[in-house]
2 protein chains.
Amino acid sequence: MVVKGIRQLADHLDISIGTVSRALNGKKDVNEETRRRVLEAAERLGYVANQSGRALRKGSTGVIGFMMQTGHEITGQGDTFFMSVFDGVQTVFARHGLDLVALLCSSEEDPDAYLERVVARGFADGIMLSATRRIDHRFALLDRRKIPFVSLGRSLTDVGQPFIDLDFEGMATTVMMRLATRGHRRIAVLRPHDDLNLGHVFVERCREVLAVHGLSLEDDLIFNASPNEAGGYRIGQELARHPNRPSAIAVLNDGSVTGLFHGLEAAGLTPGKDIAVIGLHSPQARYLSPRLTCFDLSLRDLGISLAETLLASMPAYATLYPDAAHRRLWPMTLIDGDSG
Amino acid sequence: MVVKGIRQLADHLDISIGTVSRALNGKKDVNEETRRRVLEAAERLGYVANQSGRALRKGSTGVIGFMMQTGHEITGQGDTFFMSVFDGVQTVFARHGLDLVALLCSSEEDPDAYLERVVARGFADGIMLSATRRIDHRFALLDRRKIPFVSLGRSLTDVGQPFIDLDFEGMATTVMMRLATRGHRRIAVLRPHDDLNLGHVFVERCREVLAVHGLSLEDDLIFNASPNEAGGYRIGQELARHPNRPSAIAVLNDGSVTGLFHGLEAAGLTPGKDIAVIGLHSPQARYLSPRLTCFDLSLRDLGISLAETLLASMPAYATLYPDAAHRRLWPMTLIDGDSG
DNA sequence: CATAGTCTCGTAAACGTTTACGGAGATCGA
DNA sequence: TCGATCTCCGTAAACGTTTACGAGACTATG
């Protein structure tokens, strides 16, 4: 048997709905014996408070939305990237009875309009943004709606909200120093869609680091490609027939590495020998040939930090996370491979 | 300026909230001029009906939940697999004002309890299941709660609900026939966690097909592994030192292929030469060395079909999809590669 | 015994929306 | 002119929950 409303549960117990509600919500002014009865009955009859009624009354939904865009391959993150981050986020949220859901915006719908709609509806108590663009209207939009949010990634158009981003500056420094000291003079960069912010941050820092070594990053060695295998393959081919071929390339597109290797090989070049390749973060790095030199980062921990940062900006939870990072660049450590 | 309730919007227009609501919802008994004014004002002031209030009154949320488990690598499908499916699902849902969200169940929470909680709360009007297990209590649970649902995958414990699953029988037939006629006598299978249903369906059909050729599938040639690179690597090593090594292997774990190749190579074996490898469906199939022989399937179309199937089982939409498939095995076509 | 305090519970209002119902005014036909 | 019909709109109830408020029954204290 399944009971449908608090009214039914209350009738069944011969108690008022007020007391039932208080018992279920752990309020103090309810007899322990009564509470036990209520809890037992709720468990046995499968009663769970209705989401809409509860949210309407409390003014909060207990839901946090992580916005993602389907179809489009835009982020450049690999297959299990988000699932690992989510797992970390959940660990934190579970402590507070919050639920994480992924808000899936179709490739046929305008992301800004989608987000505005979802937020205006009061669907979630907080929002997590990813795939942040250089010019990204979502920041101003969320700011106007006064909803707590955090972004996984930076933007030129942010509004002072908290964020966590990979430390692309640190990554650029590490990679360029390594390549320069190993004698590379012409270095290329492969980055995803130009609208995304991360590629710009990376390239900018690369230029600074290279300048110290008296080197520069040539414009014709900055490649954009879809963060998938086909994109990487195309660039591999392009590199091979480049009139003034670089001797190394830094790849921000995780999903492109396999394709890049293959594209190079198809053109007769051996990655790691004819051209050094350094990647960002690939779970399959150890299983490529040659083994990919790339970075290690704990995605689950990143998720935990992301969740804590968001909660710290929500009045109801702020005191619980007094020293959560407000804005943080997530450190990454290089792991040696055979590719560069 | 942003308006927060229908009351404010109504006051601003000097109209009753009833009329405003009717105007916004496209009811007929409202003057066209009035409707125009309401729509214009709502747009300008950024009013969108509150989710909780609307859902509470209407008894439906307009949300469909797709359940996924984070952390656990169990399905073997990556982010891009589901993102493609989601994109198809969305195209259908968008036509009806439905929203798809991914319900993310943490690896620390019991999936059955999680689903029960979400459904009992009335969070969604319909549910999509994936990563279906051989014995999967979620089917009975959803059946008991009388909520429309569809599963991407089969189970021994289903309850007659609609499903769509990959045609593992067809796949098994194609693969085994191909291998047998090419002279392979000892054939292995790599499948994900034993709890999942798909591996059993596949193996069963393999046995039947092989029997026709006077062959059998040896128990010690059926491998289980986590559907990731590490899992594949381990099996690669294991195959190499197998006392009676098979000459071919069918791999259901998409995420394991890279690792498998590497594991074999590390042990001195060349995939496609020393041992034939046929995969399931890998976006990077063309970019591996050797090129992976595997199957092609349109994930976006699968998503469309999945959505239509669900809607067909929901009273409110059933008449719109009179000939949606109730239970369907999704066809897959083999693409030649160099691996087997 | 009177009073104050404590514990427990019931009552009712409120959250924001949709919608059944009915009423006012306009139009129309006889 | 008078119903009848139609168009448009306002009123109020209902959805399921939480919670402020107050009341009744005890207990403690003097």
Side-chain angles (χ1 to χ4, degrees), chain A residues 2-39 41-42 45-63 97 117 119-125 145 316, chain B residues 2-39 41-42 45-63 97 117 119-125 145 316:
Chain A
V2 171
V3 111
K4 48 181 180 197
I6 198 175
R7 173 110 267 151
Q8 279 192 20
L9 183 58
D11 288 352
H12 185 271
L13 288 167
D14 253 327
I15 301 183
S16 77
I17 61 172
T19 303
V20 172
S21 176
R22 280 192 299 270
L24 291 173
N25 290 3
K27 302 290 175 174
K28 49 187 309 217
D29 51 351
V30 43
N31 184 287
E32 274 314 317
E33 165 62 12
T34 308
R35 186 193 305 280
R36 201 196 47 71
R37 281 182 56 218
V38 172
L39 257 42
L45 303 178
Y47 169 80
V48 179
N50 175 278
Q51 164 75 6
S52 304
R54 165 183 268 247
L56 182 58
R57 168 63 217 230
K58 304 210 352 169
S60 67
T61 63
V63 171
R117 188 164 58 83
V119 173
R121 280 201 302 186
F123 187 88
D125 295 343
R145 291 283 181 183
Chain B
V2 171
V3 110
K4 50 182 178 195
I6 198 175
R7 174 110 265 151
Q8 279 192 20
L9 183 57
D11 288 351
H12 185 271
L13 287 168
D14 251 328
I15 300 183
S16 78
I17 61 171
T19 304
V20 172
S21 176
R22 281 192 299 269
L24 290 173
N25 289 0
K27 302 290 174 175
K28 48 188 306 220
D29 52 351
V30 43
N31 184 287
E32 273 315 316
E33 165 63 13
T34 309
R35 185 192 305 280
R36 202 196 47 71
R37 280 181 57 216
V38 172
L39 257 42
L45 301 178
Y47 169 79
V48 179
N50 175 277
Q51 166 74 7
S52 304
R54 165 183 269 247
L56 181 57
R57 168 63 218 229
K58 304 216 341 175
S60 68
T61 62
V63 172
R117 188 164 57 85
V119 173
R121 279 201 302 185
F123 187 87
D125 295 343
R145 291 283 182 183

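By convention in this document, chain letters (A, B, ...) are assigned in the order of the sequence lines, proteins followed by strands, and residues within each chain are numbered from 1. These numbers were taken from a predicted model, which means no experiment stands behind them.
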Give the rounded distance in Å between these two atoms: CD of A:E32 and P of C:dT8. 8 Å

Expected rows: protein N/O vs nucleotides 19-23 of chain D N/O, under 3.5 Å:
from   : atom 1 : to    : atom 2 : distance (Å)
D:dT19 : OP2    : A:K27 : NZ     : 3.2
D:dT19 : O4'    : A:R57 : NH2    : 3.2
D:dA20 : N6     : A:R22 : NH1    : 3.4

Calculate the interatomic distance between A:E33 atom CD and C:dC7 atom P; express it in whole Å. 18 Å

Can you give me the bend angle of the helix from C:dC1-D:dG30 to C:dA30-D:dT1? Use the axis through the first five pairs and the one through the last five, nearest 10 degrees. 50°

Do any of residues 45-56 of chain A sit with a heavy atom less than 4.0 Å from DNA chain D, and if so which? A:Y47, A:A49, A:N50, A:G53, A:R54

Does the side chain of A:T34 get closer than 4.0 angstrom to OP1 or OP2 of C:dC9 through an N or O atom? yes

Atom-to-atom span, CZ of B:R35 to C1' of D:dT7 - whole angstrom: 13 Å

Partners meeting side-chain hydrogen bond (donor to acceptor under 3.5 Å, both in side chains) with B:T19 (sequence neighbours left out): B:S16, B:R22

Produce the list of close N/O pairs, under 3.5 Å, pairing protein atoms with atoms of nucleotides 4-6 of chain C; give distances to one decimal.
none

Would you check, one step at a time, whether the test side chain to side chain contact (heavy atoms under 4.5 Å, CB included) holds for B:H12 with B:L45? CA-CA 10 Å; B:H12 185 271; B:L45 301 178; 4.0 Å; yes

Quick one: side-chain contact (heavy atoms from CB on, under 4.5 Å) partners of A:L39, sequence neighbours excluded? A:L24, A:R35

Once side-chain contact (heavy atoms from CB on, under 4.5 Å) is applied, do any residues pair with A:I17, and if so which ones, sequence neighbours excluded? A:I6, A:R7, A:A10

Considering all heavy atoms, the nearest A:I15-A:V38 contact: CD1-CG2, 4.2 Å

Between B:L13 (CG) and D:dG10 (C1'), how many Å, whole number? 15 Å

Taking only residues two or more places apart in sequence or in another chain, which ones pass salt bridge (Lys or Arg N to Asp or Glu O under 4.0 Å) with B:R145? B:E116

Which donor-acceptor pairs under 3.5 Å do side chains of residues 51-63 of chain B form with protein atoms, sequence neighbours excluded?
from  : atom 1 : to     : atom 2 : distance (Å)
B:Q51 : OE1    : A:R121 : NH1    : 3.3
B:Q51 : NE2    : B:T61  : O      : 3.2
B:R54 : NH2    : B:N25  : OD1    : 3.2
B:T61 : OG1    : B:V63  : N      : 3.2
B:T61 : OG1    : B:F123 : O      : 3.3
B:T61 : OG1    : B:D125 : OD1    : 3.1

I'd like to check the side-chain hydrogen bond (donor to acceptor under 3.5 Å, both in side chains) partners of B:R36; sequence neighbours left out, ordered by chain and number. B:E33

Return the minimal non-hydrogen interatomic distance between A:G46 and B:A120, and the atom names on each side. O-CB, 4.4 Å

Find the distance A:I6:CD1 to D:dC15:C1' and express it as a whole number of Å. 14 Å

What is the separation between atom NZ on B:K4 and atom C1' on C:dT17, rounded to the nearest whole Å? 16 Å

Roughly how many Å is it from CZ in A:R7 to P in C:dA12, rounded to a whole number? 11 Å

Can you name the residues that form a salt bridge (Lys or Arg N to Asp or Glu O under 4.0 Å) with A:D14, not counting sequence neighbours? none

B:V2 side chain near B:K4 side chain, heavy-atom distance below 4.5 Å: no

When rounded to whole Å, the CG to C1' distance for the pair A:D14 and C:dG10 reads 13 Å

